[in-house]
Amino acid sequence: MEGIVQDPQGGHHIAAALSGASVTFGSFTALSDISLEIGAGEFWTILGPSGCGKSTMLRLVSDLVPPAAGTVEILGKSTEAARLAREFAFVFQDATLLPWRSALKNVELPLEMGRKRGIDIPRGERTPRELLELVGLKGREDALPHELSGGMRQRVAIARALVCQPRLLLMDEPFGALDEMTRDRLNMQLLEIWRETGVTCLFVTHSIPEAVLLGQKVLMLRAHPGRVKEVVEIDLPEPRHVELRETPEFNRYSSYLRKSLEDC
Ligand SMILES: Nc1ncnc2c1ncn2[C@@H]1O[C@H](COP(=O)(O)OP(=O)(O)OP(=O)(O)O)[C@@H](O)[C@H]1O
């Protein structure tokens with residue numbers, strides 16, 4: 001395919017490094033003593049009981065909440081410097097598209113906003129049109145969000161997240177609201193995009209099968225306060241495919257994680 005990023009991580013081996021990081025909201029400790037190294041180009045999924053701090057973890061990495069203690073570095077720089085350099089991008093459960101702009105204009109938005117602020121986006125390897133093609137929406141560039149299905153809107157959101165060529169893609173249950181078949185399709189598409197772009201992925205989910213299917217590593221958080229319970233390496237054949245879910249290895253990982261989740 002065209003436009004393959006030659007060095008998607010800019011020579012870095014570690015995309016995100018957290019050391020003894022904690023997050024507090026007033027007197028409440030949401031995350032406590034998180035130490036992790038997320039390798040450049042890796043795909044991590046995050047599981048844990050409701051309220052354990054999965055979203056807070058993404059917000060910590062993306063400079064939306066500061067650490068109360070410890071440090072967080074993205075590609076060797078502070079989270080603020082990484083944010084200003086557009087090193088990461090977010091995809092939420094709701095696509096959050098502007099309803100009056102076409103799919104293409106939504107994807108172009110971060111570039112426009114960057115230009116308005118005088119920020120030069122240094123890594124424009126793919127045009128917004130090419131990104132829409134990458135997510136399977138060629139021919140729907142002019143469609144308005146309400147003319148697209150939920151899965152299509154989410155694919156526009158992924159294209160928009162990729163437009164500044166981030167090195168780190170942060171996803172908070174991006175497919176949680178979609179039906180199972182659409183979710184399967186988007187999971188496969190996301191893996192293709194991940195392989196092709198080399199972007200590092202941090203993906204929060206409530207679904208154990210989704211965590212196993214996508215993740216090279218599954219980060220299991222425990223609650224009260226949110227802490228790392230364990231990191232489970234998922235050693236399944238690549239490239240992954242939904243049929244893997246029928247295999248005994250897949251089921252072994254799923255059962256292990258289900259039990260781990262129950263013990264949180
Ligand atoms: N801005 C905030 N102010 C106060 N408390 C907060 C704030 N944001 C999150 N919290 C609390 O921090 C804890 C972790 O929240 P978070 O949303 O990260 O959990 P989660 O694991 O993503 O939950 P879920 O799986 O239900 O989406 C929760 O107890 C939540 O109430």
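Heads up: numbering here begins at 1 and tracks the sequence.
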Would you compute the distance between atom [atom1] of [X] and atom [atom2] of [Y] and round it to the nearest 0.5 angstrom?
{"X": "Gln189", "Y": "Leu134", "atom1": "CD", "atom2": "CG", "result": "8.0 Å"}
{"X": "Glu173", "Y": "His206", "atom1": "CD", "atom2": "NE2", "result": "4.5 Å"}
{"X": "Leu236", "Y": "Phe250", "atom1": "CG", "atom2": "CZ", "result": "7.0 Å"}
{"X": "Gln216", "Y": "Trp44", "atom1": "CD", "atom2": "CH2", "result": "10.0 Å"}
{"X": "Thr205", "Y": "Arg183", "atom1": "OG1", "atom2": "CZ", "result": "5.0 Å"}
{"X": "Arg140", "Y": "Ser102", "atom1": "CZ", "atom2": "OG", "result": "11.5 Å"}

task: Sort out for me which residue in Met188, Arg195, Glu192 forms a side chain to side chain contact (heavy atoms under 4.5 Å, CB included) with Pro239.
output: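 Answer to the side chain to side chain contact (heavy atoms under 4.5 Å, CB included) test with Pro239 among Met188, Arg195, Glu192: Arg195.
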
Quick one: does any side-chain atom of [X] pair with a main-chain N or O of [Y] as donor and acceptor, under 3.5 Å?
{"X": "Arg227", "Y": "Arg222", "result": "no"}
{"X": "Arg59", "Y": "Leu64", "result": "no"}
{"X": "Tyr253", "Y": "Leu213", "result": "no"}
{"X": "Lys54", "Y": "Pro49", "result": "yes"}
{"X": "Ser32", "Y": "Ser22", "result": "no"}
{"X": "Lys229", "Y": "Ser260", "result": "yes"}
{"X": "Asp172", "Y": "Val204", "result": "no"}
{"X": "Glu42", "Y": "Gly39", "result": "yes"}
{"X": "Thr200", "Y": "Gly41", "result": "yes"}
{"X": "Gln165", "Y": "Glu87", "result": "no"}

State, yes or no, whether a side-chain contact exists between [X] and [Y] at a heavy-atom distance under 4.5 Å.
{"X": "Pro67", "Y": "Leu60", "result": "yes"}
{"X": "Ile34", "Y": "Val72", "result": "no"}
{"X": "Thr197", "Y": "Arg126", "result": "yes"}
{"X": "Met57", "Y": "Leu219", "result": "yes"}
{"X": "Val163", "Y": "Glu108", "result": "no"}
{"X": "Arg240", "Y": "Ile234", "result": "yes"}
{"X": "Leu168", "Y": "Val61", "result": "yes"}
{"X": "Val91", "Y": "Gln154", "result": "yes"}

Closest heavy-atom pair and its distance - [X], [Y]:
{"X": "Gly20", "Y": "Asp33", "value": "CA-OD1, 3.2 Å"}
{"X": "Thr29", "Y": "Pro225", "value": "O-CB, 3.4 Å"}
{"X": "Pro145", "Y": "Leu97", "value": "CG-CB, 3.9 Å"}
{"X": "Ala161", "Y": "Leu169", "value": "CB-CD1, 3.7 Å"}
{"X": "Cys52", "Y": "Leu221", "value": "SG-CB, 3.7 Å"}
{"X": "Arg86", "Y": "Pro110", "value": "NH1-O, 3.6 Å"}

Neighbour count >12 (heavy atoms, 6.0 Å) for atom [atom1], [X]:
{"X": "His224", "atom1": "NE2", "answer": "no"}
{"X": "Glu112", "atom1": "CD", "answer": "yes"}
{"X": "Asp235", "atom1": "CG", "answer": "no"}
{"X": "Lys217", "atom1": "NZ", "answer": "yes"}
{"X": "Glu180", "atom1": "CD", "answer": "no"}
{"X": "Lys138", "atom1": "NZ", "answer": "no"}
{"X": "Tyr256", "atom1": "OH", "answer": "no"}

- request: Under the side-chain contact (heavy atoms from CB on, under 4.5 Å) rule, what do Val135 and Val156 come out as? Steps first, then yes or no, please.
  value: CA-CA 8 Å; Val135 299; Val156 175; over 6 Å; no

message: Under the criterion side-chain contact (heavy atoms from CB on, under 4.5 Å), I'd like the reasoning laid out for Leu111 against Cys164: C-alpha separation, chi angles, the key distance, then a yes or no.
response: CA-CA 7 Å; Leu111 297 175; Cys164 295; 4.3 Å; yes

Aromatic ring pairing Phe43/Trp194, orientation class (parallel under 30°, perpendicular over 60°, tilted between):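 Taking Trp194 first and then Phe43, their aromatic rings stand perpendicular (interplane angle over 60°).
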
Taking a hydrophobic cluster as the set of Ile, Leu, Val, Met, Phe, Trp and Tyr residues connected by side-chain heavy atoms closer than 4.5 Å, whether directly or through intermediates, do [X] and [Y] fall within one such cluster?
{"X": "Ile74", "Y": "Ile14", "result": "no"}
{"X": "Leu144", "Y": "Met152", "result": "no"}
{"X": "Leu137", "Y": "Met181", "result": "no"}

task: May I ask you to say whether Arg245 pairs ionically with Glu243, meaning some side-chain N is under 4.0 Å from a carboxylate O?
output: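 Here Arg245 does not pair with Glu243 in a salt bridge, since their nearest N and O are not under 4.0 Å apart.
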
- request: Could you go through the side-chain contact (heavy atoms from CB on, under 4.5 Å) check for Leu186 and Ile158 one step at a time?
  value: CA-CA 10 Å; Leu186 290 193; Ile158 292 172; 5.6 Å; no

task: Step by step, work out the side-chain contact (heavy atoms from CB on, under 4.5 Å) result for Leu132 and Leu104.
output: CA-CA 7 Å; Leu132 279 175; Leu104 183 64; 4.0 Å; yes

task: Please determine, by modelled atom types, if Arg155 and Thr182 share a side-chain donor-acceptor pair under 3.5 angstrom.
output: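 Arg155 vs Thr182: no donor-acceptor pair found between side chains.
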
